[in-house]
Amino acid sequence: MPRLGSPAPSFEAVTTFGKIRLEDFRGGWLVLFSHPADFTPVCTTEFLAFAAIAPELRKRNVELLGLSIDSPTSHIAWVRNIKDKFGIDIPFPIIADSNKEVAMLYGMLMPGESKTETSRCVFVIDPAGIIRAMIYYPLTTGRNTDEIIRVIDALQTTDKYGVATPANWKLGDKVIVPPPSTVEEAEARMKAGFECADWYFCKKTV
Amino acid sequence: MACINAQGELTESAGKILAALDQPATTEAVAERTNLPLFRVRSGLREMREAGLVEAKEDLYLLTERGHSLLPMQPS
C-alpha cells in the first residue's frame with residue numbers, strides 16, 4: 001500500500017498514449033488518479049474538470065495520469081465520445097488497468113465499495129517519485145479539482161520556502177513558520193518580525 | 001505512443017520526435033523542440049529504440065539508418 005513520504009510504486013502500463021512507466025514522469029510532478037469506469041456520468045464530469053485544469057497544472061510542472069479497470073478500446077471510445085458530446089479533448093493519458101495491477105499496487109480498490117471498480121483516488125507524486133498527498137473520494141462523489149491545484153500549490157510552496165500552510169490556505173496567503181525546536185529559537189522567533197499569536201504559532205508572507 | 005501504425009507509418013507524435021533528432025539530442029532537448037511533454041518523449045524514445053529507429057549514446061539519442069529512412073523527404 002502506498003504511504004505518504006514513501007516512493008511511489010513503479011509500474012509500466014498500457015495507456016491511451018501507449019506504454020508509459022512511472023519513471024517517465026521523473027523530474028516533474030504527477031497527479032495519478034483513478035476513476036470507477038468509463039462511460040459513467042460522474043466520471044465524465046470529472047474528466048471534463050481534469051481537462052479544464054490541465055493547463056494550470058502544466059504551468060506548475062504537473063502532469064495528469066488517469067486510470068480505471070477498463071480496456072484501451074473502452075478508454076479510446078470514451079475519450080472520443082467526450083470530444084463528440086462536449087467538444088473537449090482529454091489531454092492526458094489514461095491507464096487501461098484491465099488486470100488491476102496498478103490499482104492493486106496503489107490500493108485503489110476499496111472492496112467495501114466495489115470489487116471491480118476503482119474508487120476516486122488521487123496520488124500527488126513529486127519530481128523525486130515520492131508520494132506527497134493522497135486523497136480518496138467514494139464512488140458517488142465527484143472530486144473538487146480546485147482542491148487538487150491547492151494541494152499542489154501548498155506542496156510546492158512548502159518545498160520552496162520550508163514552510164507549512166494553514167487550513168484553507170491559498171496561493172498568496174500567509175504561511176506558517178515551522179515551530180522552533182529550542183527555547184533559544186522560541187525567544188528569537190518573537191523578535192524576528194513574524195506575525196505571531198504565540199511563540200509556536202507564527203505566520204509570514206512569502 | 002505506438003510509434004508505428006498498422007500501415008507501417010510513423011504516428012504523428014513519433015514523426016515529431018524523429019524529426020527533432022536531425023541532430024543527436026537529449027530527451028529534454030527533444031521535448032523542447034517538439035513541444036511535447038517530457039514523459040511522452042521518454043516513452044516515445046523508448047518505444048522507438050525498441051523498434052530500432054533510434055539509438056542512445058549516453059544521454060544523447062540519435063537516428064538509426066531505419067529511423068532516417070522513415071523521415072519525410074526534405075525539399076532540396
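On a predicted model such as this, the values are computed, not experimentally measured, just so you know. Chain letters run A, B, ... following the sequence lines, proteins first, then strands; residues in each count from 1.
Crowding of B:Glu28 atom CD: a count of heavy atoms from other residues, nucleotides or ligands under 6.0 Å exceeding 12. The number of heavy atoms from other shown groups lying within 6.0 Å of CZ (A:Arg60) is above 12. Around atom CZ of A:Phe201, no more than 12 heavy atoms belonging to other residues, nucleotides or ligands sit under 6.0 Å away. Within 6.0 Å of atom CG in A:Asn144, more than 12 heavy atoms from other residues, nucleotides or ligands are found, so the atom counts as buried in its surroundings.
A:Glu12 contributes atom CD, which lies 6.0 Å from atom CZ of B:Arg46 (distance to the nearest 0.5 angstrom). Between the CZ atom in A:Phe17 and the OG1 atom in B:Thr11 there is a gap of 12.0 Å [rounded to 0.5 Å]. We find the CZ-CZ distance between B:Arg42 and A:Arg21 to be 12.0 Å, quoted to the nearest 0.5 Å. In this structure, A:Thr15 OG1 and B:Phe39 CZ are separated by 7.5 Å, a value rounded to the nearest 0.5 Å.
Only the side chain of A:Arg58 has a heavy atom closer than 4.5 Å to any heavy atom of chain B.
In this view, A:Glu46 and A:Arg120, A:Arg143 satisfy the side-chain hydrogen bond (donor to acceptor under 3.5 Å, both in side chains) rule, not counting sequence neighbours.
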Item to complete: List the steps, then state whether salt bridge (Lys or Arg N to Asp or Glu O under 4.0 Å) holds for B:Arg40 with A:Asp24.
Response: CA-CA 8 Å; B:Arg40 288 201 78 172; A:Asp24 292 334; over 6 Å; no
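Contact record, A:Glu63 with B:Pro37: OE2-CB, 3.4 Å, taken as the closest heavy-atom pair.
Proximity to chain B among residues 84-116 of chain A is limited to A:Pro93, judged by heavy-atom separations below 4.5 angstrom.
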